[in-house]
Amino acid sequence: MIKLKIITPRGLYKEGEVEAVHVTTVDGETTILSNHMPIVAMLKTCKCTLSEHKEQKDYALAGGLLQFADNEMRILTDAVEGREEIDIERAKRAKERAEARLKKQDSRTNIKRAEVALAKAINRIHVYNG
C-alpha cells in the first residue's frame, strides 16, 4: 500500500492508503505501485486515477509535483477536484471562454494563460465524463 497525501494551497485535500496512482508527468504517463523506486516528477494538468480498495477514483489535477519514496507519496498541486466535485457547466463555460480568447489573440491576450485555462477545463470535462 501507498500512504498518499494530496496537498493544495488550501491545505490537505486527501490523505489515505491506495494501491496505485496513475498520473501524467512531463515525461509521460506513469503508474506507481508499492515499492516503486523513489521518484520526484513534475505533473501535467491531467487525470489522476487512484486505486482505492480495489476501486478506481478519478480526480482532475491542475499539474503539480509528485514525490514518492518508501511507499509514501505526496502530490502538491494548485487545484484538484474529484469527479463528483466538478461543476460540468462551469467547466464548459471556462472552455468556451479560453477558446474565444485564443481565437481573438489581440495584443492584450495572454496566450499562455488562455492555453492553461483551456487545458484545465478540458481535463475537468474529461474526468467528469469518465
Side-chain angles (χ1 to χ4, degrees):
M1 294 295 278
I2 297 169
K3 292 180 185 174
L4 172 72
K5 286 184 181 180
I6 299 177
I7 304 160
T8 72
R10 294 178 169 228
L12 185 63
Y13 172 81
K14 182 172 186 62
E15 181 174 26
E17 290 193 341
V18 297
E19 291 97 29
V21 178
H22 184 86
V23 291
T24 304
T25 71
V26 294
D27 294 322
E29 290 187 44
T30 188
T31 300
I32 297 179
L33 305 170
S34 295
N35 302 316
H36 191 284
M37 68 178 208
I39 182 174
V40 173
M42 295 300 299
L43 298 172
K44 294 178 91 173
T45 294
C46 66
K47 175 169 74 170
C48 172
T49 303
L50 304 179
S51 298
E52 301 178 73
H53 314 292
K54 302 194 189 314
E55 191 178 318
Q56 306 286 318
K57 294 189 181 176
D58 294 332
Y59 297 84
L61 205 60
L65 177 74
L66 175 147
Q67 182 267 332
F68 178 84
D70 299 322
N71 290 324
E72 292 186 7
M73 179 181 291
R74 281 170 207 77
I75 295 176
L76 304 175
T77 183
D78 285 334
V80 59
E81 291 175 283
R83 184 188 181 285
E84 64 284 349
E85 297 171 294
I86 295 172
D87 180 340
I88 190 63
E89 294 307 316
R90 181 174 167 248
K92 288 177 182 177
R93 288 191 307 271
K95 179 180 179 277
E96 290 168 4
R97 280 192 310 273
E99 288 172 337
R101 277 188 304 230
L102 287 170
K103 193 175 188 179
K104 185 172 76 168
Q105 284 195 23
D106 63 21
S107 62
R108 296 176 305 211
T109 302
N110 183 329
I111 300 299
K112 184 65 179 165
R113 184 175 172 200
E115 289 171 343
V116 169
L118 180 59
K120 287 178 181 179
I122 289 170
N123 186 49
R124 290 170 58 221
I125 292 166
H126 175 71
V127 169
Y128 182 85
N129 290 331

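Model, not experiment: these values are computed from the prediction.
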Distance check, rounded to the nearest 0.5 Å: Thr31 atom OG1 versus Glu19 atom CD? 13.0 Å
How many angstroms lie between CD1 in Ile86 and CD1 in Ile125, if you round to the nearest 0.5 Å? 9.5 Å
Would you give the length of the straight line joining atom CD of Glu115 to atom CG of Leu102, rounded to the nearest 0.5 angstrom? 6.0 Å
NZ (Lys120) and CG (Leu118) are apart, to the nearest 0.5 Å, by 12.0 Å
What distance do Ile75 atom CD1 and Ile6 atom CD1 have between them, rounded to the nearest 0.5 Å? 4.5 Å
For residues 33-49, dump all side-chain donor-acceptor pairs below 3.5 Å to protein atoms at least two apart in sequence or in another chain.
residue: Ser34; atom: OG; partner: Met1; partner atom: N; Å: 2.8
residue: Asn35; atom: OD1; partner: Asn71; partner atom: ND2; Å: 3.0
residue: Thr49; atom: OG1; partner: Asp58; partner atom: OD1; Å: 2.8

Can you give each donor-acceptor pair under 3.5 Å made by side-chain atoms of residues 91-99, sequence neighbours left out, with the distance rounded to 0.1 Å?
residue: Lys95; atom: NZ; partner: Glu99; partner atom: OE2; Å: 2.9

Using side-chain heavy atoms (C-beta onward) and a distance below 4.5 Å, is Glu81 in contact with Val127? no
Taking salt bridge (Lys or Arg N to Asp or Glu O under 4.0 Å) as the test, write out the residues that go with Glu72, two or more places apart. Arg74
Quick one: are Phe68 and Ile2 in side-chain contact, heavy atoms under 4.5 Å? yes
Same apolar cluster (I L V M F W Y, side chains within < 4.5 Å links), Val26/Leu76: yes
So among Ile7, Thr8, Val80, Leu50, which one has a side-chain contact (heavy atoms from CB on, under 4.5 Å) with Lys14? Leu50
Candidate pair Arg90 and Arg124, rule side chain to side chain contact (heavy atoms under 4.5 Å, CB included), full reasoning: CA-CA 10 Å; Arg90 181 174 167 248; Arg124 290 170 58 221; 3.5 Å; yes
Answer yes or no: does atom CG of Asn129 have more than 12 heavy-atom neighbours from other residues, nucleotides or ligands under 6.0 Å? yes
Using a distance-only test with no angle check, is there a side-chain donor-acceptor pair under 3.5 angstrom linking Glu29 and Thr24? no
Whether Ser51 side chain and Lys54 backbone form a donor-acceptor pair below 3.5 Å: no
